[in-house]
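Heads up: the structure comes next, in C-alpha cells.
Sequence positions, counted from 1, serve as the residue numbers for this chain.
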Amino acid sequence: MARNAPPPTAIGRFSITEILGRGGMGVVYKARDLQLNREVAIKMVLAGGHAGPEQLARFHAEAEAVASLQHRNIVQIYEVGECEGLPYFSLEFVEGGPLDNRLKGEPQDVKFTASVMEKVCRAMGYAHSKKIIHRDLKPANILLTKTDEPKVTDFGLAKEMDSDEGHTRTGSIMGTPSYMPPEQAEGKAKHLNHLADIYSLGAMLYEFLTGRPPFKGRTLLETLEHVKKKDPVPPIQLQPDAPIDLQTICLKALE
C-alpha cells in the first residue's frame, strides 16, 4: 500500500469509513465490524506488501504488547489478522480523539490535568508491572473518550523490559524529541527502562501546566540538543499560578 494511496473500502469483514491517522510505520482506519456491528480502529503497516522484516517485527511486537495489557486506560486490542497477505489488528475505537487536539498549546484546567495524568500514570504503572515500556508517550498517543477518560495507545515502539530486541539498533533515535529523555535522544534506545516513560509523563504534565513541552527547538536536531544538554525552565516561571504540588511532581519526573 503506497503512502498516499486511497484507503481500501474494506479489510476482511471490516468496512473502512475514514483514515484516523498515519505514523512513521502504520496507518489507522476507522471501520465498522460488520459481523459484530461495532465501530473499531484498524491498524495496518503503512508499507503494506513492501514492509521489511524490521517493520513487521515492530508491528507484531506492538500487537503482542497491547494484547498483554488489560486496563481501562489502555486501548484494547480485539484481534490480529491478515488480509491479502497484509497484517492488521483491530482495536477499541475511542471517539474523543487525541489529547493534543485538546491541549492546543494552552495551560489546562487543574482538575482536568490532575484527573487525566493520574489515570495515564496508573495505566503506565500497570504496563510497567507487566514489564512493558512504551517509549513514545506524548499527547498524540493519549486518546480521550467523550467523557474525558484517557486511553494510552500506539505501542509501536513498546519494548519488553530486559529483552534484547533485534529491531532496535544502538545509535538509532526512536520516539518524539520533545517528550523523550536525554538517554533516548542520545540514541540509547536499547538500554531504556521504565524511567524513560516516567520522564515522558513528566514532559506531558509540563505541557498541561505551561502550554508547551519542556523542550521545543526550531528544528528536530535543535530539540534533541536541548533535551540532551539543557534543564527545563521551571513551570512557575512560565505559569506562576500552576499548583506547586503538580510542579514538584513534574520536575521530579523530568529528573
Side-chain angles (χ1 to χ4, degrees), residues 1-104 116 120 123 127 132 134-159 167 174-176 179:
M1 187 185 303
R3 178 174 287 271
N4 296 317
T9 56
I11 297 172
R13 70 172 192 272
F14 303 99
S15 175
I16 305 300
T17 55
E18 63 179 285
I19 295 177
L20 293 175
R22 295 177 186 266
M25 184 181 69
V27 57
V28 182
Y29 302 111
K30 180 181 178 182
R32 175 159 289 277
D33 185 332
L34 299 178
Q35 182 174 315
L36 298 177
N37 193 30
R38 65 180 176 185
E39 287 184 317
V40 299
I42 300 287
K43 185 165 188 175
M44 299 190 77
V45 176
L46 197 61
H50 302 289
E54 185 174 334
Q55 284 181 302
L56 292 174
R58 276 200 208 135
F59 187 80
H60 288 296
E62 177 179 4
E64 289 177 11
V66 179
S68 70
L69 302 175
Q70 301 294 317
H71 191 280
R72 63 179 295 177
N73 295 115
I74 295 176
V75 170
Q76 299 298 286
I77 191 168
Y78 293 143
E79 67 174 88
V80 178
E82 197 172 278
C83 180
E84 298 180 1
L86 302 180
Y88 72 85
F89 53 87
S90 64
L91 298 152
E92 172 186 6
F93 173 69
V94 183
E95 68 276 19
L99 175 61
D100 59 341
N101 288 349
R102 178 73 171 266
L103 297 182
K104 296 179 179 177
V116 169
V120 172
I132 298 293
H134 190 288
R135 299 197 296 180
D136 196 20
L137 288 170
K138 57 184 177 180
N141 285 341
I142 308 297
L143 303 180
L144 293 176
T145 69
K146 288 183 177 179
T147 58
D148 286 342
E149 189 77 10
K151 291 180 179 281
V152 182
T153 191
D154 200 347
F155 281 74
L157 295 184
K159 175 189 174 185
H167 49 273
M174 305 166 65
T176 306
Y179 305 95

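Side-chain atoms of His134 and Val152, non-hydrogen and from C-beta on, do get closer than 4.5 Å to each other.
Checked by atom type, the side-chain pair Asp136/Thr176 shows a donor-acceptor distance below 3.5 Å.
Panel note: side chain Gln76, backbone His71; a donor-acceptor pair is recorded below 3.5 Å. Formation of a donor-acceptor pair under 3.5 Å by the Lys151 side chain with backbone atoms of Leu144 is not found in this model. Judged purely by atom type and a 3.5 angstrom limit, Thr153 has no side-chain atom pairing as donor or acceptor with the backbone of Val75. A donor-acceptor contact shorter than 3.5 Å is absent between the side chain of Asp33 and the backbone of Arg38.
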Practice item. Assess whether salt bridge (charged side-chain N to carboxylate O under 4.0 Å, His left out) is satisfied between Arg13 and Glu79, documenting all intermediate values. Key: CA-CA 12 Å; Arg13 70 172 192 272; Glu79 67 174 88; 2.6 Å; yes

Exercise for review: For the pair Lys138 and Asp100, evaluate salt bridge (charged side-chain N to carboxylate O under 4.0 Å, His left out) and give the outcome as yes or no after the intermediate values.
Suggested key: CA-CA 8 Å; Lys138 57 184 177 180; Asp100 59 341; over 6 Å; no

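Taking each heavy atom of Ser68 and Ile132 in turn, the nearest pair found is OG-CG1, 4.1 Å. Nearest heavy atoms, Phe93 versus Ala41: CB-N, 4.0 Å. Residue Leu137 comes nearest to Tyr179 through the heavy atom pair O-CB, 3.5 Å, listed as atom of the first residue, atom of the second, then distance. Taking each heavy atom of Ile42 and Ser90 in turn, the nearest pair found is CD1-CB, 3.6 Å. Residue Thr17 comes nearest to Ala31 through the heavy atom pair OG1-N, 4.0 Å, listed as atom of the first residue, atom of the second, then distance. When all heavy atoms of Pro150 and Val120 are compared, the closest pair comes out as CB-CG2, 3.8 Å.
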